[in-house]
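Comments concern the structure below.
Fair warning: this is a prediction, and the values are worked out from it, not measured in the lab. Reminder, nothing fancy here: chain letters follow the sequence lines and each chain counts from 1.
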Number of protein chains: 2
Amino acid sequence: MADRADGGPASLRAVHRIRPAYEQVADQIRALIVEGDLTPGDRLPSEGEVASAFGVSRGTVREAIRILTAANLLYSVRGAHGGTFVTRTDPSVLRDHLETGLGILSGTDAISLDELLDTRMLLEVPAARLAAQRRTDEQLVALREAVEAAPPDADVRYQHHRRFHTELLEASGNRLLQLVTAPVFGVIRSRFVIPPSRRKIWGEIEADHEEILGLVEAGDGDGAAEAMRRHLVRLNAFYQSMGPRPQAPARRGPIFPVR
Amino acid sequence: MADRADGGPASLRAVHRIRPAYEQVADQIRALIVEGDLTPGDRLPSEGEVASAFGVSRGTVREAIRILTAANLLYSVRGAHGGTFVTRTDPSVLRDHLETGLGILSGTDAISLDELLDTRMLLEVPAARLAAQRRTDEQLVALREAVEAAPPDADVRYQHHRRFHTELLEASGNRLLQLVTAPVFGVIRSRFVIPPSRRKIWGEIEADHEEILGLVEAGDGDGAAEAMRRHLVRLNAFYQSMGPRPQAPARRGPIFPVR
DNA sequence: GGTTATTTGTACGTATGTATC
DNA sequence: TGATACATACGTACAAATAAC
């Protein structure tokens, strides 16, 4: 037989790896959700019933449920009238996943700082334009609060910076834009911390925010976009000059100490 | 005591819900990965050892591992020299996760078709500009192949459509832009299928691609961006006119038959 | 090439939390 | 207020797979 080189005998060429039971169970339940046979709010039978329907043990079903819970498709409530339910999907979980994923990628050079900064600019500049055009009065109030709440000097200062940008994305009226941009913002933040002591930079940031807010209030889309562009150029130059955030010291002792 | 209305007695106001052991274990291991204490390729101790390090049972550790496996942070290999390993992260996996997540959101009205189309335009128009400015010769060859490979009439026609857009994003030189845009593209595609029989539309699409490619070849960034904008306006108008993709028929019989 | 040690996969029993009566 | 029923959470024992000897 000379067929080993290409992966095995012809009769076995098309087979696929054995997949663990918990994966197969997760796949089937996922398909039920995606196809619409199970809809948000639906309750699954108890773990024991699901287990006997699939012909596996409860532990296997539980692992499948964990997989789908991690993907935010299910959640579990313990107790008498608890159970496992199909999630009413919420973008925030996807946003968090994206942020951790991007964080890891940026740590492995699969994504560079330049790409993060460029992409942020690509997204936030049009977001500012949209916000000026579409913001509601409530969103305007929230933006003004974010700008004015900035305390003169404290390490919550960053919180207000982020809040301004988040509210602006919200005001753009495009939830997808917010979902994508927030993680990019978050990853950049995790790599660079502007110390509260840098009063000059913080003063410039807050003046920029004030200016953008004014243009958004006035409904000047092009003006808001241009002001945002200048704001980000300023920030980027600062980030580039700062160098990376200092790394945490190496861990001492074993990661998984035996007990 | 009159403190029940605001969530409980003052001394317990700051407490948080008990979190299941498997979640706490997953959180700690996730933190080790994100902080860099565990790096891609690292092997965790055996499930039994991890269990005793945390003081829980193996089942609990396994559920935690399933959570992190679903987030593509870990994978398991069974057998004597198997084990659980930290994943070497690859952007394509994150891209796939984003696409399924967006697909589900768009099915539940958490993301509208308009938001998908708007965001795509926001991303692909600058991507076309960047591609014209930065494309390498190899990328130009790939783009030309994608345009010219289009067969006159077949249901692989869509594949070439997608390939052109993917290659263009690649040519923009920003991997993050590609990572974010590809899922948006994919979700739109999953909601709308242009039948190969619509020769007029397909002809227009392919003529647009030809035009964009010419401008990218010429290094005309503004021209390429404008051509892409017109291309997407055309596509969007068509999508809007098509209405949603037909749903599969309802399932008959019980979803979880008892055995 | 079989034996064996080590690892993940699976089954099942017990503990614990929670709404209802 | 306590008893109870039923759900998930957790723990233990065994089976199966895999690579080295």
Side-chain angles (χ1 to χ4, degrees), chain A residues 1 4 7-8 12 15-29 38 41-70 72-87 256 258-259, chain B residues 1 4 7-8 12 15-29 38 41-70 72-87 256 258-259:
Chain A
M1 302 280 260
R4 298 289 299 277
L12 291 177
V15 307
H16 50 268
R17 248 189 98 73
I18 267 55
R19 312 190 61 220
Y22 59 80
E23 263 185 35
Q24 300 181 49
V25 171
D27 286 346
Q28 288 199 44
I29 297 178
L38 289 170
D42 279 1
R43 196 191 121 147
L44 267 61
S46 76
E47 293 176 349
E49 289 178 82
V50 175
S52 63
F54 282 104
V56 298
S57 78
R58 272 195 59 216
T60 299
V61 169
R62 282 180 62 76
E63 293 187 34
I65 291 175
R66 284 304 80 77
I67 291 171
L68 298 173
T69 301
N72 196 240
L73 294 176
L74 298 179
Y75 65 95
S76 296
V77 176
R78 74 188 291 181
H81 284 68
T84 300
F85 301 85
V86 179
T87 307
F256 294 98
V258 263
R259 304 279 155 108
Chain B
M1 304 279 263
R4 299 289 296 280
L12 291 177
V15 306
H16 51 270
R17 243 189 101 74
I18 267 55
R19 312 190 60 222
Y22 59 78
E23 262 184 37
Q24 300 181 49
V25 171
D27 287 346
Q28 288 198 44
I29 297 178
L38 290 170
D42 279 0
R43 198 193 117 147
L44 267 61
S46 76
E47 294 175 349
E49 290 178 80
V50 174
S52 62
F54 282 105
V56 297
S57 78
R58 257 194 74 211
T60 299
V61 169
R62 281 180 63 77
E63 293 187 37
I65 291 174
R66 287 298 83 73
I67 290 172
L68 298 172
T69 302
N72 200 245
L73 295 176
L74 298 178
Y75 66 93
S76 296
V77 177
R78 76 188 288 183
H81 284 68
T84 301
F85 302 84
V86 179
T87 307
F256 294 98
V258 265
R259 305 279 156 108

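For the pair Arg19(A) and Gln24(A), the tightest heavy-atom approach, listed with the atom from each and the gap, is O-NE2, 2.7 Å. Nearest approach of Ala21(A) to Val56(A), heavy atoms of both residues: CB-CG1, 4.4 Å. Residues Leu74(B) and Ile29(B) come closest through the heavy atom pair CD1-CG2, 4.4 Å. Scanning both residues, Ala64(A) and Ala26(A), for their nearest heavy atoms gives CB-N, 3.6 Å.
Side-chain atoms of Ala80(A) lie closest to dG17(C) of the nucleotides dT20(C), dG17(C), dA19(D). Closest to the side chain of Glu47(B), out of dG9(C), dT7(C), dT8(D), is dG9(C).
Residue Thr84(A) has no polar side-chain atom (N or O) positioned under 4.0 Å from OP1 or OP2 of dA7(D).
Across the protein-nucleic acid pair, His81(B) atom NE2 and dA20(D) atom C1' stand 6 Å apart, rounded to whole Å. One atom, OH of Tyr75(A), and another, P of dA7(D), lie 16 Å apart when rounded to the nearest Å. A straight line from CD1 of Ile65(B) to C1' of dT8(C) spans 9 Å, rounded to a whole angstrom.
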Solution key, residues 75-84 of chain A side-chain donor-acceptor pairs under 3.5 Å, sequence neighbours excluded:
from	atom 1	to	atom 2	distance (Å)
Ser76(A)	OG	Arg66(A)	NH2	3.4
Ser76(A)	OG	Thr84(A)	OG1	3.4

Protein N or O to nucleotides 10-12 of chain C N or O, pairs below 3.5 Å:
from	atom 1	to	atom 2	distance (Å)
dT10(C)	OP1	Ala21(A)	N	2.8
dT10(C)	OP2	Ala21(A)	N	3.4
dA11(C)	OP2	Ser57(A)	N	2.5
dA11(C)	OP2	Ser57(A)	OG	3.3
dA11(C)	OP2	Thr60(A)	OG1	3.3

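Residue pairs that meet the salt bridge (charged side-chain N to carboxylate O under 4.0 Å, His left out) test with at least one member in residues 49-61 of chain B, sequence neighbours left out, are Glu47(B)-Arg58(B).
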